[in-house]
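All values derive from a computational prediction rather than experimental measurement.
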There are 2 protein chains.
Amino acid sequence: MKNQKRTTIYDIARKLNLNASSVSRALSNTSKVSEATKKLIFDTAKEMNYQPNSLASNLRRGSNRTIGVIVPRINQNFFANVIAGLEEITYEHGYNLVICQSNESYEREVECVNTLINQQVNCIVISVTADFQDDEHIRNILKHGIQLIQFDRVADNVDTFKVLNDNRQSSIEAISHLIGQGYKRIALLEGPQNLNIFRQRKEGYLEALRMHGFDIVPELMRENAWTQELSATATRELLSLPNPPDAIFASTSDFSALGVLEVATKMGISVPDQLGICGYSNEAFTEITSPSITTIDQHSVDMGKAIAKLYFKEARSEAEVSVPRIINIQPQLIIRDSTLKN
Amino acid sequence: MKNQKRTTIYDIARKLNLNASSVSRALSNTSKVSEATKKLIFDTAKEMNYQPNSLASNLRRGSNRTIGVIVPRINQNFFANVIAGLEEITYEHGYNLVICQSNESYEREVECVNTLINQQVNCIVISVTADFQDDEHIRNILKHGIQLIQFDRVADNVDTFKVLNDNRQSSIEAISHLIGQGYKRIALLEGPQNLNIFRQRKEGYLEALRMHGFDIVPELMRENAWTQELSATATRELLSLPNPPDAIFASTSDFSALGVLEVATKMGISVPDQLGICGYSNEAFTEITSPSITTIDQHSVDMGKAIAKLYFKEARSEAEVSVPRIINIQPQLIIRDSTLKN
DNA sequence: TTATAAAGAACAATCGATTGCATTAAAATA
DNA sequence: TATTTTAATGCAATCGATTGTTCTTTATAA
């Protein structure tokens with residue numbers, strides 16, 4: 001059960017008194033082989049349990065029909081969904097996915113990029129770490145003639161294909177909805193501002209307040225509240241203010257929103273009457289908390305599909321002059337009980 | 001920004017008036033190169049932005065330091081976690097992960113296996129589809145001299161390395177716990193019995209009842225209730241019986257358990273007083289439903305790590321005679337409110 | 001100083017599929 | 001029947017790194 005040598009096209013050729021080139025052409029279905037020999041070759045290949053050696057053809061073709069993916073965490077819902085969507089489309093095109101996780105470490109992200117460059121992947125799909133420092137490694141991808149598609153968390157200054165959520169717009173909608181429900185003092189839980197997505201969500205928050213003629217109250221904006229624990233802490237502080245907020249937009253994640261909800265419940269503050277809560281991401285659990293949590297769906301699986309389609313339709317066939325496109329996936333506000341005062 | 005030719009060891013050699021072999025040896029740090037030239041080569045490599053071409057070295061070495069993973073769904077919590085665990089360890093060893101999802105389709109699973117064989121991956125890690133039909137393709141992996149580790153859902157009859165959860169034992173514990181809480185008529189929601197895991201959970205259920213001298217009541221056992229919807233339907237039927245169950249073990253997943261909980265809530269049946277509910281998997285949401293749901297944690301990330309370690313410690317170095325090992329990861333009963341009558 | 005060893009570098013084959021070009025055989029045309 | 005066209009197949013180089021073997025050049029020992 002060990003190491004019997006693999007059958008190669010040479011083995012098949014020898015057996016049939018043919019040349020390897022004919023075998024190759026037959027198997028790849030090039031027209032230059034007669035039907036008779038083609039059949040013969042196919043049958044023999046099956047009989048000898050032949051499996052083409054991709055390593056060899058990859059080297060020859062200089063491509064391995066592979067897309068490399070780098071995400072902070074594979075098992076984070078959003079990323080897992082994007083990857084699932086990606087896989088679905090790449091599979092249809094006979095491409096494979098090599099997956100790396102940077103674990104939110106910049107150093108590791110750089111290593112992942114290098115590995116994928118060595119592997120000669122056709123394209124790298126990346127969402128950068130929160131620990132993002134500079135974009136040298138991102139640029140290096142392009143220097144090696146490898147296609148690059150950034151998504152969600154991106155290095156703004158590098159001119160590449162990008163697939164984004166319109167975080168600003170969705171935040172505006174969320175805040176407008178809260179205002180529409182009669183909330184007057186809306187707090188914001190922010191994520192690290194070196195990430196585009198969190199900056200944009202904050203912009204949306206500010207813009208919406210401005211649009212509706214609300215004051216911007218610095219004490220209602222809390223930095224770096226992007227885990228459940230950090231959010232809980234921030235919430236405790238917020239709710240202890242002399243003039244506490246009557247709504248909290250947990251712009252970083254639904255886990256943050258959950259932290260808010262738990263604190264409010266413990267403090268005997270009723271949601272949504274005394275406090276409105278809006279999260280981000282539409283995690284499965286937001287539907288079943290009590291009350292259920294208003295949130296924003298990112299259409300993550302569709303995002304993955306969009307990335308793959310972008311590659312196959314445009315990036316792959318790209319001419320000398322690149323015109324990197326940016327695709328915006330429209331997120332969707334999902335209104336649930338946690339913000340329905342009526 | 002396009003297709004500048006990559007630097008190869010030949011380019012470096014030419015520039016330094018050396019032979020490519022020396023460059024290769026220098027870069028791979030073989031002792032047969034003088035320190036002086038080694039330094040020269042390293043510097044030039046950096047200067048020319050050299051990245052080794054893995055495709056070429058893969059072909060030469062006949063291996064690509066890659067582990068292929070086939071799971072039904074990448075974005076299912078359990079599998080995403082296993083993959084994350086896998087990645088963590090394989091990364092440490094400089095290996096890559098190629099990921100495929102079979103989408104619960106047998107046909108597609110076969111295709112995935114073939115792709116990975118062609119790619120000459122060093123090892124295939126697989127959890128089979130619910131649609132599992134025969135193990136021809138699994139055996140084919142071994143025929144090609146590729147290491148194989150099955151996990152969770154496995155083809156029982158193929159003698160390979162396996163990493164499993166002790167589903168039977170965990171089910172026994174769950175049922176014993178229910179009995180200990182005073183539940184008398186315990187129903188079972190089963191998954192497809194062609195999958196080992198669901199068979200074992202059923203066995204555990206039966207065994208526990210026997211151990212405690214309980215009757216086995218066929219009408220309390222529902223086949224194929226393995227989605228939230230199917231479980232909800234099954235639950236409605238069960239609770240409408242003349243003599244309904246007072247506890248339900250949703251052995252297939254926490255989503256099933258959630259279906260049970262929702263139906264019970266709608267029917268005004270109080271959990272845990274009138275109905276105990278136990279799920280499987282310890283999904284994040286089980287902690288925050290009301291009441292929170294008793295479930296079984298599979299230690300999925302650890303499972304992924306165990307798989308990788310198994311490969312690097314044993315499978316990889318394996319001698320001619322293979323002694324495939326089976327590793328059992330002990331799942332853990334997490335007791336929550338949905339089964340605490342007291 | 002000569003013989004011998006050892007280190008350093010060059011040479012060349014190899015992994016297996018692909019592909020441009022050359023050759024042969026068969027078919028179509030004159 | 002002679003000639004041209006076309007289809008089928010063979011030949012050989014190639015992709016880039018690796019590695020066993022051979023050849024030089026030093027350094028070391030006798």
Side-chain angles (χ1 to χ4, degrees), chain A residues 3-42 44-45 48-66 94 115 117-122 144-145, chain B residues 3-42 44-45 48-65 94 115 117-120 122 144-145:
Chain A
N3 259 356
Q4 338 157 301
K5 228 146 284 127
R6 287 170 71 107
T7 315
T8 72
I9 54 170
Y10 293 98
D11 299 327
I12 298 177
R14 204 171 308 123
K15 186 155 193 174
L16 294 177
N17 261 320
L18 283 170
N19 188 281
S21 58
S22 298
V23 177
S24 170
R25 285 190 248 260
L27 293 172
S28 64
N29 228 342
T30 312
S31 56
K32 296 292 204 87
V33 187
S34 74
E35 285 305 319
T37 39
K38 200 182 279 183
K39 176 159 178 13
L40 213 58
I41 288 171
F42 268 94
T44 314
M48 299 176 76
N49 195 18
Y50 169 76
Q51 298 271 18
N53 183 333
S54 309
L55 300 186
S57 72
N58 286 347
L59 172 59
R60 181 61 228 253
R61 286 196 326 262
S63 134
N64 55 5
R65 295 172 200 273
T66 292
T115 312
I117 291 178
N118 297 352
Q119 299 251 333
Q120 305 260 69
V121 295
N122 292 95
H144 281 272
Chain B
N3 260 355
Q4 336 156 299
K5 228 146 281 127
R6 286 170 73 105
T7 319
T8 71
I9 51 170
Y10 293 97
D11 299 327
I12 298 177
R14 204 171 308 123
K15 186 154 193 173
L16 295 177
N17 262 322
L18 283 170
N19 189 281
S21 59
S22 298
V23 178
S24 170
R25 284 189 245 260
L27 293 172
S28 64
N29 227 343
T30 311
S31 57
K32 293 294 202 86
V33 187
S34 73
E35 285 305 321
T37 39
K38 200 181 279 185
K39 176 158 178 10
L40 212 57
I41 288 172
F42 267 95
T44 315
M48 299 176 77
N49 196 18
Y50 170 77
Q51 298 271 15
N53 183 333
S54 311
L55 300 185
S57 74
N58 286 347
L59 172 61
R60 181 61 229 251
R61 288 196 326 261
S63 133
N64 55 4
R65 295 174 202 272
T115 311
I117 291 178
N118 297 352
Q119 300 250 333
Q120 306 260 68
N122 292 95
H144 281 272

Spacing of OH belonging to Tyr50(B) relative to CD1 belonging to Ile9(B), to within rounding of 0.5 Å: 6.0 Å
d(CG, Asp11(B); C1', dG16(D)) in whole Å: 10 Å
Considering all heavy atoms, the nearest Arg6(B)-Asp11(B) contact: O-OD2, 3.5 Å
For Asn122(A) against Arg65(A), the heavy-atom pair lying closest together: OD1-N, 2.9 Å
Short side-chain N/O contact from Tyr50(A) to OP1 or OP2 of dA17(C), under 4.0 Å: yes
Minimum side-chain heavy-atom gap Asn64(A)-Gln119(B) below 4.5 Å: no
Ser54(B) (side chain) donor-acceptor with Asn118(A) (main chain) under 3.5 angstrom: yes
Exercise: identify the closest heavy-atom pair between Gly62(A) and Leu55(B): C-CD1, 4.2 Å
Spacing between Asn29(A) atom CG and dT18(C) atom P, to the nearest angstrom: 12 Å
Below 4.0 Å: OP1/OP2 of dA8(D) and any side-chain N or O of Thr37(A): no
For the student: nearest non-hydrogen atoms of Val33(A) and Lys38(A), plus distance: O-CE, 3.9 Å
Neighbours of DNA chain D within residues 54-62 of chain A, by heavy-atom distance under 4.0 Å: Leu59(A), Arg60(A)
Residues from residues 15-28 of chain B lying under 4.0 Å of DNA chain C - heavy atoms: Asn17(B), Leu18(B), Asn19(B), Ser21(B), Ser22(B), Arg25(B)
Atom pair OG1/CG of Thr37(A) and Asn17(A) - distance to nearest 0.5 Å: 13.0 Å
Whole angstrom value for the distance that separates P of dT9(D) from CD1 of Ile9(A): 15 Å
Rounded interatomic separation in angstrom, taking CG from Leu40(B) and C1' from dG8(C): 14 Å
For Ile41(A) against Ser22(A), the heavy-atom pair lying closest together: CD1-O, 3.9 Å
Atom pair distance, as rounded to whole Å: CD1 in Ile12(A) and C1' in dT9(D): 16 Å
Rounded distance in Å - NZ (Lys32(A)) to C1' (dT24(C)): 13 Å
Are there any protein N/O atoms within less than 3.5 Å of an N/O atom in nucleotides 26-28 of chain D, and if so, which ones and at what distance?
none

Contact summary for Ala20(A) and Ala13(A), nearest pair of heavy atoms: N-CB, 3.6 Å
Interatomic distance, Ile41(A) CD1 vs dG10(D) C1' [rounded to whole Å]: 13 Å
Pairwise distance CD1(Ile117(B)) to CG(Asn49(A)) - rounded to 0.5 angstrom: 7.5 Å
Between P of dA17(C) and CD of Gln119(B), the distance in whole Å: 14 Å
